[in-house]
S.K.: 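This is the structure I want to talk about, given as structure tokens.
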Amino acid sequence: MTGLLVEVGRRLAERWLSVLVLPGLLLVAALSTGLLLGQGDALSANQLADAATDMARRLQADGSATVLLTGMAALLGAGAAGLAAQGLGRLVRAVWLGDWPRWAAPARSRLSQRRSRQWRNHQTRLEEEAAAGRDPSGFARRRNRISLAPPVRPTWMGDRLAGADVRVFAEYRLDLAACWPRLWLVLPEDVREELRTASGALDAAAVLAGWAVPYAFAGVVWWPASLVAVAVYATGWYRARLAAATFADLIESTVDLYGGTLCTALGLAAAETPLTPELGAAVTSRCRKGA
């Protein structure tokens, strides 16, 4: 038991160091650079070296206790910044996925309607081109760039994930929201791990974008931090788009490959029976329990 507790503590310490402290120390370094240089000489390496040397001498002159307290303050500040970035990451993810608060409902509704209107326009043109015997692939690509299913969210990432539910229901009459907990229980562990990894990649991208906020504030004292904020957010946003697409594809693939396993587990079909719309409707009815 003692060995287990030591191992758990070590892993928690490693995670705390890698996820919170190390990125936070970069932010502390940016703030310290800004305080030492100011905005006018923000990129002066020579002045930074001189100012840092002078600061180190003053700390040493004040004694080892001052040096220790300064180091502890830097670590605490880095940890606090990391916790703030984690919280901001959750907010960023909610914004990206269209889970907006009630006071933002008008904006959410307008953006959702705009995306839906654009999608329907491309769908109409696609059908017209197909009816006329012409190649409709150009309009199909434009439609799919908006969403793979009729848009219901104000953002691309939100519709990319919500579209998985819509496409699964259209194909199999399976209510994914109601059936997913049961499906999860019959999945092999390696499949669950793939899904966790994809979801974790989306979370990590949102946290990375969350770091843009403290860096933007650091830009008040050191303007290069504002450029870092832009780069960090853009990188997080790009990674999140890739992660959302991968996660949505994995969700659909999981239903395609293991939907029949769920039917078997519920006693609705024999083993190795593929999922069909009739079985999907039966599974949905069973999982909803009449609700």
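Since we're looking at a predicted model, the values are computed, not measured.
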S.K.: So, taking the atom named CG in Leu262 and the one named OG1 in Thr254, what distance separates them when rounded to the nearest 0.5 Å?
M.R.: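 The OG1 atom of Thr254 is 12.0 Å from CG of Leu262, to the nearest 0.5 Å.
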S.K.: Within a radius of less than 6.0 Å around CD of Glu272, do more than 12 heavy atoms belonging to other residues, nucleotides or ligands occur?
M.R.: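 Not buried by this count: 12 neighbours or fewer within 6.0 Å.
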S.K.: Same cluster or not: are Leu257 and Leu266 linked, directly or through other Ile, Leu, Val, Met, Phe, Trp or Tyr residues, by side-chain heavy atoms under 4.5 angstrom apart?
M.R.: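 Yes; tracing contacts between hydrophobic side chains, which count when under 4.5 Å, links both residues.
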S.K.: Could you give the distance from OH (Tyr258) to OG (Ser253), rounded to the nearest 0.5 Å?
M.R.: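 Taking OH in Tyr258 and OG in Ser253, the distance rounds to 10.5 Å.
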S.K.: Examine Arg241 relative to Tyr238 and say whether NZ or CZ is less than 6.0 Å from the centre of the six-membered ring and inside a 45° cone about the ring axis.
M.R.: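 The answer is no; the distance or angle limit is not met.
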S.K.: Report the C-alpha distance between Arg115 and Trp156 in whole Å, list the side-chain angles of each, state the deciding distance to 0.1 Å, and finish with yes or no for side-chain contact (heavy atoms from CB on, under 4.5 Å).
M.R.: CA-CA 9 Å; Arg115 288 174 52 77; Trp156 181 90; 4.3 Å; yes
S.K.: Can you measure from CG (Asp203) to CD (Gln86) and round to the nearest 0.5 angstrom?
M.R.: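 CD of Gln86 is found 9.5 Å from CG of Asp203.
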S.K.: Quick one: do the Ser116 and Arg120 side chains pair a donor with an acceptor below 3.5 Å?
M.R.: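 Yes.
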S.K.: For Leu161 versus Ala244, what's the shortest heavy-atom pair and its separation?
M.R.: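 So the two residues come closest at CD2-O, 3.6 Å.
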S.K.: Under 3.5 Å, side chain of Arg167 to main-chain N/O of Glu252, donor-acceptor pair present?
M.R.: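 No.
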S.K.: Any side-chain heavy atom of Arg142 within less than 4.5 Å of one from Ile146?
M.R.: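 Answer no - side chains too far apart.
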S.K.: Check the pair Val92, Trp211 against side-chain contact (heavy atoms from CB on, under 4.5 Å), reporting the backbone distance first and the verdict last.
M.R.: CA-CA 10 Å; Val92 168; Trp211 279 103; over 6 Å; no
S.K.: Checking Thr284 side chain against Arg173 main chain: does a donor-acceptor pair fall under 3.5 Å?
M.R.: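 Yes, because the side chain of Thr284 sits within donor-acceptor range (under 3.5 Å) of the backbone of Arg173.
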S.K.: Would you say Thr246's side chain and Leu242's backbone share a donor-acceptor pair under 3.5 angstrom?
M.R.: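 A pair under 3.5 Å: yes.
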S.K.: Any sub-3.5 Å donor-acceptor pair from Arg108's side-chain atoms to Gly98's backbone N or O?
M.R.: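 Pair found, side chain donor or acceptor close to backbone of Gly98.
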S.K.: So which heavy atom on Phe247 is nearest to which on Leu195, and how close?
M.R.: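 Residues Phe247 and Leu195, closest heavy atoms: CE1-O, 3.8 Å.
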S.K.: With the side chain counted from C-beta on, respond yes when Arg125 and His122 share a heavy-atom pair under 4.5 Å apart, and no when they do not.
M.R.: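 Answer no - side chains too far apart.
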S.K.: Is there a path of hydrophobic side-chain contacts, each under 4.5 Å between heavy atoms of I/L/V/M/F/W/Y residues, joining Val283 to Phe169?
M.R.: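 No.
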S.K.: Using only atom types and a distance under 3.5 Å, with no angle test, would you say the side chain of Ser147 pairs donor to acceptor with the backbone of Arg143?
M.R.: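 Checked: no pair found.
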S.K.: So which heavy atom on Ala81 is nearest to which on Leu27, and how close?
M.R.: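 Between these two residues, the closest heavy atoms are CB-CD2, 3.7 Å.
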S.K.: Considering only heavy atoms from C-beta outward, does the side chain of Glu171 approach that of Val166 to under 4.5 Å?
M.R.: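 Answer no - side chains too far apart.
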S.K.: Taking atom CZ of Arg114 as the centre, does the number of heavy atoms from other residues, nucleotides or ligands within less than 6.0 Å exceed 12?
M.R.: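 Check fails, neighbour count at 12 or below.
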S.K.: Are any non-hydrogen side-chain atoms of Cys263 and Leu275 less than 4.5 angstrom apart?
M.R.: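 They are in contact (side-chain heavy atoms under 4.5 Å apart), so the answer is yes.
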S.K.: Is Thr155 reaching over with its side chain to a backbone N or O of Gly158, donor-acceptor style, under 3.5 angstrom?
M.R.: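 Such a contact is found between Thr155 side chain and Gly158 backbone.
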S.K.: Does Ser285 use its side chain to pair, donor to acceptor, with the backbone of Ala281 at less than 3.5 Å?
M.R.: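 Flag not set: sc Ser285 to bb Ala281 has no pair under 3.5 Å.
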S.K.: With a 6.0 Å cut-off (strictly less than), is the heavy-atom count around CZ of Arg239, excluding the residue itself, greater than 12?
M.R.: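 Incorrect, the count does not exceed 12.
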S.K.: Counting C-beta onward and ignoring hydrogens, is there a side-chain heavy-atom pair between Val221 and Phe217 closer than 4.5 Å?
M.R.: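 Not touching, per the 4.5 Å side-chain cut-off.
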S.K.: Could you grab the distance from atom CZ of Phe139 to atom OG1 of Thr124, nearest 0.5 Å is fine?
M.R.: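 Between Phe139 CZ and Thr124 OG1, I get 10.5 Å after rounding to 0.5 Å.
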S.K.: Evaluate the side-chain proximity of Leu26 to Tyr215: yes if any heavy-atom separation is below 4.5 Å, no if none is.
M.R.: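 Yes, close enough: below the 4.5 Å cut-off.
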S.K.: Should Asn121 and Arg117 be marked as a side-chain contact (heavy atoms from CB on, under 4.5 Å) after you check the CA-CA gap, both sets of side-chain angles, and the distance that decides it?
M.R.: CA-CA 6 Å; Asn121 289 340; Arg117 185 167 56 251; 4.1 Å; yes
S.K.: Going by the salt bridge (Lys or Arg N to Asp or Glu O under 4.0 Å) test, name the single residue among Arg182, Arg288, Lys289, Arg286 that passes it with Asp175.
M.R.: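 Going through Arg182, Arg288, Lys289, Arg286 one by one, the salt bridge (Lys or Arg N to Asp or Glu O under 4.0 Å) with Asp175 is satisfied by Arg288 alone.
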S.K.: Tell me whether Leu208 is reachable from Val228 by hopping between hydrophobic residues (I, L, V, M, F, W, Y) whose side-chain heavy atoms are closer than 4.5 Å.
M.R.: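 In one cluster with Val228: Leu208, yes.
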S.K.: Is Ile251 close to Trp180 at the side-chain level, that is, under 4.5 Å between some pair of heavy atoms?
M.R.: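 The answer is yes; the side chains approach within 4.5 Å.
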S.K.: Is it the case that the side chain of Thr264 and the backbone of Ala270 share a donor-acceptor pair, with hydrogens and angles ignored and the cut-off at 3.5 Å?
M.R.: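 Flag set: sc Thr264 to bb Ala270 pair under 3.5 Å.
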S.K.: Measure the spacing between CZ of Arg93 and CG of Leu88 and express it to the nearest 0.5 Å.
M.R.: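 Arg93 atom CZ to Leu88 atom CG measures 15.5 Å (nearest 0.5 Å).
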S.K.: Among the clusters formed by ILVMFWY side chains lying less than 4.5 Å apart, do Val255 and Leu268 turn up in the same one?
M.R.: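 Per the 4.5 Å side-chain linkage, Val255 and Leu268 are co-clustered.
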S.K.: Please find the pair of heavy atoms, one from Ala178 and one from Cys287, that lie closest to each other, and give the distance.
M.R.: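 For Ala178 versus Cys287, the nearest heavy atoms are O-CB, 3.8 Å.
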S.K.: Below 4.0 angstrom, N of the basic side chain to O of the carboxylate: do Asp99 and Arg90 qualify?
M.R.: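 Here Asp99 does not pair with Arg90 in a salt bridge, since their nearest N and O are not under 4.0 Å apart.
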S.K.: Determine whether Thr276 and Tyr172 make a side-chain contact, defined as any pair of heavy atoms from C-beta on separated by less than 4.5 Å.
M.R.: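 They are not in side-chain contact.
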S.K.: Could you pull out the closest heavy-atom pair between Ala162 and Arg153, with the gap in Å?
M.R.: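 Smallest heavy-atom distance, with atoms named: CB-CG, 4.3 Å.
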S.K.: Do we see a donor-acceptor contact under 3.5 Å between the side chains of Ser109 and Gln113?
M.R.: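 Yes, Gln113 and Ser109 have a side-chain donor paired with an acceptor closer than 3.5 Å.
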S.K.: Working to the nearest 0.5 Å, report the span between CG of Leu126 and OG of Ser137.
M.R.: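 The OG atom of Ser137 is 8.5 Å from CG of Leu126, to the nearest 0.5 Å.
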S.K.: For the pair Trp96 (side chain) and Ala240 (backbone), establish whether a donor and an acceptor sit closer than 3.5 Å, ignoring hydrogens and angles.
M.R.: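 The answer is no, because no donor-acceptor pair under 3.5 Å joins these two groups.
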S.K.: Looking only at heavy atoms, what is the nearest atom pair of Leu174 and Val168, with distance?
M.R.: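 Smallest heavy-atom distance, with atoms named: O-CG1, 3.8 Å.
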S.K.: Does Leu202 belong to the same Ile/Leu/Val/Met/Phe/Trp/Tyr cluster as Leu250, with side-chain heavy atoms less than 4.5 Å apart forming each link?
M.R.: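 Hydrophobic grouping puts Leu202 with Leu250.
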